[in-house]
Amino acid sequence: MNFTLKTATACIAGSVMATAAFADGHAQSWDMPMAYAATNYHSEHGVIFADKVREYTNGAIDITVHPGGSLFGGGDIKRAIQTGQVPIGERFMSAHANEAPLLGWDNLPFIATSYEDNAKLWEAARDTVNAQLADLNLVALYTCPWPGQGFYFNKEVASSEDTQGIKFRSYNSATATFAEELGMIPVQIEAAELSQALATGVASAFISSGSTGYDRKVWEHLSHYYKVNAWLPRNYVMVNTQAWEALDADTQAGLQRAADETAASCAAKSAELANFYFDELAKNGMTVQDAGPDFLTELEAIGAKMTEEWLETAGADGQAILDAYNAN
Ligand code: PCA
């Protein structure tokens with residue numbers, strides 16, 4: 001049976017949805033909205049994942065990937081899954097930290113700045129994060145890191161003296177805070193709308209990896225990238241809990257195997273591409289360099305403050321994640 005938007009709308013309650021769409025033993029077609037460009041490695045891994053799922057579930061689950069926010073915009077994907085409008089989808093995890101602070105575990109500046117440390121931090125956070133997601137009616141299947149985060153500007157920036165009043169594209173509340181601390185004016189914009197925002201002057205700076213700058217060809221509007229490697233945030237692929245629970249154990253195991261393999265290959269791809277992106281930014285005329293010492297000192301001070309603020313909102317669970325990370 002098809003799990004289409006129409007089916008989902010017809011099946012308002014989760015329990016109805018399970019009986020109508022999942023318990024008939026037929027192959028299921030699942031639409032999977034993703035937020036980032038079709039050519040981005042996250043989206044390409046969505047397709048790899050879908051292929052593996054078909055294989056490991058013997059065709060029981062047939063996933064169609066919809067990248068670039070084409071089915072649901074990035075900001076709407078989680079809700080679409082929670083409410084059963086689609087059974088599966090992908091989103092940037094820390095974008096949900098305003099609703100569930102724990103989900104900002106991967107947005108803590110200067111705590112885990114290598115792929116290895118980021119993986120360790122995820123190990124420390126995984127159980128707590130999954131419990132939090134269960135409360136949101138979600139089952140996480142896999143997560144995949146972005147390369148380290150740095151700053152894009154349309155001029156040289158040596159310290160916060162140069163950033164006052166700049167309109168800054170943020171991607172979650174933590175990056176909005178970061179911008180405000182630097183005297184900038186944040187506005188939250190999806191990556192899919194980034195080029196337009198830069199072209200129209202809605203924003204003229206942002207924080208991200210080389211990956212998103214490359215995808216959105218930001219050299220058309222901006223001139224400088226400052227490597228900071230402040231954190232490596234993650235996307236995650238999640239399933240509606242009722243959709244998950246309606247699957248038999250073999251199908252769940254097939255999905256999980258596909259997810260585990262995709263997680264490993266997606267993280268490896270991210271690491272492999274990190275320098276390629278910087279080279280491409282430079283090749284297209286951008287100045288790509290490390291943040292200067294004065295700027296970095298300021299960023300570190302702001303970062304420490306942000307971690308403190310996160311711990312206040314994430315509470316004992318947040319502290320336990322950091323303790324477990326530091327103990328390893
Ligand atoms: N790119 C995404 C999130 C983190 C990243 O590197 C973005 O800018 O939206």
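Every number for a ligand or one of its atoms is a count from 1 in the order of the listing.
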Side chains of Asn107 and Asn172: is there a donor and an acceptor less than 3.5 Å apart? yes

Kindly assign one of parallel, tilted or perpendicular to the pair Phe276 and Tyr214, based on the angle between their ring planes and the thresholds 30° and 60°. perpendicular

Evaluate the ring planes of Trp146 and Phe92, with Trp represented by its six-membered ring, and classify them as parallel (under 30°), tilted (30 to 60°) or perpendicular (over 60°). perpendicular

Give a yes or no on this: more than 12 heavy atoms of other residues, nucleotides or ligands lie within 6.0 Å of atom CD of Glu300. yes

Aromatic ring pairing His96/Tyr236, orientation class (parallel under 30°, perpendicular over 60°, tilted between): perpendicular

How would you list, by chain and number, the residues with a heavy atom under 4.0 angstrom from ligand 1? Tyr36, Phe92, Trp146, Gln149, Arg169, Tyr171, Ala191, Ser208, Ser209, Thr212, Pro233

Neighbour count >12 (heavy atoms, 6.0 Å) for atom CD, Glu116: no

